[in-house]
Number of protein chains: 2
Amino acid sequence: MAGEGGSSVTMKTLAERLGVSVTTISNAYSKPDRLSPELREQILSEAKLVGYCGPNAAGRALRSGKTDVCGFLFGGELAEAFADPYTVAFLAGLSETVERFGASVLLLRAPGDGEQAEEQLLQRAAIDAIVTCSPSSDHPGTRALAARGVRVVGAQDAESGDWVTINDTKAGRLVGKHLAGLGHRRIVVIVPGFAPEGEVVSLPADGSGCSRFAAERIRGLREKLPDASITVVCGGWKPKPAGRLAAAHVLDVQDRPTAIVALSDALALGVWDAARERGLTPGRDLSIVGFDDIPDAGFIGLTTVRQPITDKGRLAGRLAMDPDYPQRQITLPIELVVRSSTGPAPKN
Amino acid sequence: MAGEGGSSVTMKTLAERLGVSVTTISNAYSKPDRLSPELREQILSEAKLVGYCGPNAAGRALRSGKTDVCGFLFGGELAEAFADPYTVAFLAGLSETVERFGASVLLLRAPGDGEQAEEQLLQRAAIDAIVTCSPSSDHPGTRALAARGVRVVGAQDAESGDWVTINDTKAGRLVGKHLAGLGHRRIVVIVPGFAPEGEVVSLPADGSGCSRFAAERIRGLREKLPDASITVVCGGWKPKPAGRLAAAHVLDVQDRPTAIVALSDALALGVWDAARERGLTPGRDLSIVGFDDIPDAGFIGLTTVRQPITDKGRLAGRLAMDPDYPQRQITLPIELVVRSSTGPAPKN
DNA sequence: ATCGTTCACTTTAACGATCAACTTCGAGGT
DNA sequence: ACCTCGAAGTTGATCGTTAAAGTGAACGAT
């Protein structure tokens with residue numbers, strides 16, 4: 001009937017058929033109280049008849065500057081985002097709120113250095129606001145967005161602007177205190193980050209060279225473990241393999257650590273595998289601690305620092321969609337959940 | 001420096017500052033070979049200087065009709081999509097491919113009957129293509145999109161157009177044959193679908209009243225179990241609770257079934273819980289079968305019909321982004337994975 | 001009778017970019 | 001000297017919508 005490929009029924013079509021102005025058609029959709037109910041009804045039924053399905057998004061966005069889309073920025077391939085339970089839980093909360101505000105979520109990838117194509121994709125995104133999940137909200141691409149008038153909400157590592165985070169130093173302290181109490185003195189911290197494929201990189205133990213949140217957790221940890229030997233290593237971005245690789249690297253030496261602190265549960269899962277592969281029982285031969293408290297953590301008995309992940313997503317969505325929400329910088333509560341993966345340091 | 005809230009540096013700004021035409025600026029971004037490299041360099045550096053960050057998405061989309069966005073349509077609240085491992089795995093594949101085509105994924109919710117607001121959101125979405133995950137691609141909203149020129153790819157229950165699916169009848173047969181061989185004759189099928197909150201609905205055993213894919217699986221099942229008593233029930237959309245509720249309903253009667261077939265692993269997980277709550281050991285006292293083979297299925301030992309979920313997402317993305325891909329209707333291979341959740345029917 | 005208002009629309013002018021069709025200029029072939 | 005051709009730009013129209021300002025009629029208040 002109507003169109004075949006790309007039908008071009010526009011407001012103009014309707015306006016001509018009904019003998020009214022285009023603005024009136026527009027109002028029928030966007031400002032129903034500006035025209036008589038009868039006319040509006042007539043317009044809507046004519047629309048159905050000719051197969052007009054509402055204002056064109058591009059035209060609307062161009063003129064009004066609103067897109068009803070909230071971006072979600074992830075610092076890696078999107079496929080990885082879905083492989084990470086933390087991110088999935090966050091997205092659940094985010095999309096719930098965004099949906100409630102009558103908007104949709106656009107998944108975007110943060111461009112790495114020199115990734116032209118990705119950079120363009122991010123800059124060209126038609127969005128009203130963006131929530132940055134793993135990369136810092138001080139990322140250069142993000143700055144450009146902010147300059148363009150896009151509201152930016154950081155959900156990790158934000159230094160300025162709007163954010164929803166946890167107190168990472170405190171999180172580190174919780175773990176430090178717990179491990180100190182169990183007598184651990186040889187500790188390895190595994191952080192997410194860049195490492196050449198298949199290699200493990202050692203980093204300064206003061207947390208420099210790590211992302212901000214990592215540095216703060218390490219700081220908190222060291223505060224409560226002043227006389228412990230703490231090493232920081234990194235096995236890459238992809239959490240589970242990175243955790244496994246890094247753990248393998250530090251477990252296959254003479255003075256192996258008595259505890260491994262992985263900066264996310266997803267990393268810790270990889271550590272877990274590495275431990276089991278070596279016949280080490282978590283909690284007895286090797287203590288393992290994670291962060292986040294993803295569902296699997298409870299399942300396998302991983303000691304971790306819980307944060308309300310889905311709530312974080314919900315709040316981030318709120319800040320993104322509602323410019324009038326009063327509290328623009330939110331710190332969420334955290335809590336140490338002790339399970340079977342930690343125990344007294346084995347004597348050697 | 002440049003703008004404060006919504007800076008308005010456009011191509012025109014650049015054109016005037018450099019004394020060239022707007023089209024040339026446009027070409028510098030979209031068609032680099034249409035101008036001299038030197039001029040292009042000059043334009044890009046001036047852009048950086050004044051804080052111009054690439055063509056505005058809305059303007060571009062309006063004029064060219066391209067958005068570089070692929071929609072993902074889910075038939076329920078998006079938060080639920082993230083709670084369902086099947087959907088998450090599918091999204092991982094989808095976004096991987098879409099990303100490779102230089103586009104992004106927009107998460108959309110399929111409007112239910114009479115959901116005005118949602119309907120508008122879907123119709124107004126600025127997308128080039130859309131992949132329909134749980135709702136049928138014959139959904140009314142989807143038809144409207146197709147009329148607008150949006151490429152539609154069905155990833156379940158598609159009857160026409162482009163799709164990527166499995167052979168659901170065959171899937172049903174695989175399960176039917178397996179259960180027949182184990183001597184099961186009293187079987188309950190749990191389907192996803194609408195049920196009043198907290199209630200369990202009985203449906204015709206021929207699969208009518210179910211979604212298409214469910215009807216076909218039931219058909220295949222019955223084919224291999226001609227003399228069995230098969231009952232079909234539904235406990236709602238939210239998989240795990242629905243499975244638990246429906247299973248509870250059919251397990252608390254005198255002649256309880258010896259096998260429960262849940263049409264997704266997520267549903268089966270709920271059945272599992274219901275069984276354990278009643279002291280029934282899956283595989284001994286009650287056989288449980290799922291579909292999909294999500295990661296947790298392997299973990300707990302659920303017998304299921306495996307389908308390559310992530311590949312399905314990848315292919316759906318391919319069809320959505322590449323109109324020239326020759327094969328437009330793809331049936332993926334499936335395979336019965338027998339684990340410990342099924343066993344011989346207990347004699348009674 | 002006059003004024004101010006409200007109602008229900010219309011008119012005009014963008015929003016930012018891209019496309020199709022031209023121009024200009026110099027190089028190369030015959 | 002004449003014609004063709006490609007490279008490198010330009011011009012003008014247009015995509016579909018909405019904001020802002022304007023029109024004319026009806027109505028109540030003064």
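Keep in mind that the numbers below use all heavy atoms, side chains included, and drop hydrogens, waters and symmetry copies. A note on names: the letters A, B, ... follow the listed sequences, proteins ahead of strands, and every chain is numbered from 1.
Under 4.0 angstrom from either OP1 or OP2 of D:dG16 there lies no side-chain N or O belonging to A:Ser8. Under 4.0 angstrom from either OP1 or OP2 of C:dT10 there lies at least one side-chain N or O belonging to A:Thr24. A:Thr10 has no side-chain polar atom (N or O) that falls below the 4.0 Å cut-off from OP1 or OP2 of D:dC15.
Crowding of A:Arg34 atom CZ: a count of heavy atoms from other residues, nucleotides or ligands under 6.0 Å not exceeding 12. Within 6.0 Å of CD in A:Gln329 there are more than 12 heavy atoms belonging to other residues, nucleotides or ligands.
Among residues at least two apart or in separate chains, there is no ring-ring contact (aromatic ring centres under 6.0 Å, His included) pair with a member in residues 311-332 of chain A.
A heavy atom closer than 4.0 Å to some atom of DNA chain D occurs in B:Leu39, these being the qualifying members of residues 38-45 of chain B.
Between A:Asn27 and the choices A:Leu39, A:Leu35, A:Ile43, the side chain to side chain contact (heavy atoms under 4.5 Å, CB included) rule is met once, by A:Leu35.
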Would you tabulate the nitrogen or oxygen pairs shorter than 3.5 Å linking the protein to nucleotides 19-23 of chain D?
unit_1, atom_1, unit_2, atom_2, d
D:dA19, OP2, A:Lys31, NZ, 2.5
D:dA19, N6, A:Thr23, OG1, 3.3

Close N/O contacts between protein and nucleotides 24-28 of chain D (under 3.5 Å):
none

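Residue contacts for B:Tyr52: at a heavy-atom cut-off of 4.0 Å it reaches the sugar-phosphate backbone alone, with no base atom in range. Across all strands, B:Ser21 comes closer than 4.0 Å to base atoms (heavy-atom distances). Nucleic acid contact for A:Val20: sugar-phosphate only, since backbone atoms but no base atoms lie under 4.0 Å from a heavy atom of the residue.
As rounded to whole Å, 4 Å separates atom P of D:dT18 from atom CE of A:Met11. C:dC15 atom P lies 18 Å from atom CG of A:Asn56, rounded to whole Å. If you take CG of A:Asp68 and P of D:dT18, they are 11 Å apart, rounded to a whole angstrom.
When ring centroids are compared, B:Phe82 and B:Phe74 stay outside the 6.0 Å threshold.
When the nucleotides C:dT18, C:dG16, C:dA17 are ranked by their closest atom to the side chain of B:Leu62, C:dG16 comes out on top.
With sequence neighbours left out, the side chain to side chain contact (heavy atoms under 4.5 Å, CB included) criterion links A:Glu197 to no other residue. Looking at residues two or more places apart in sequence or on another chain, you find no salt bridge (charged side-chain N to carboxylate O under 4.0 Å, His left out) involving B:Asp128.
Using a 30° and 60° split on the angle between ring planes, B:Phe90 and B:Phe72 fall in the tilted class, from 30° to 60°.
Mapped onto DNA chain D by nearest heavy atom, B:Pro37 and A:Gly59 fall at different nucleotides, with B:Pro37 at the one closer to the 5' end.
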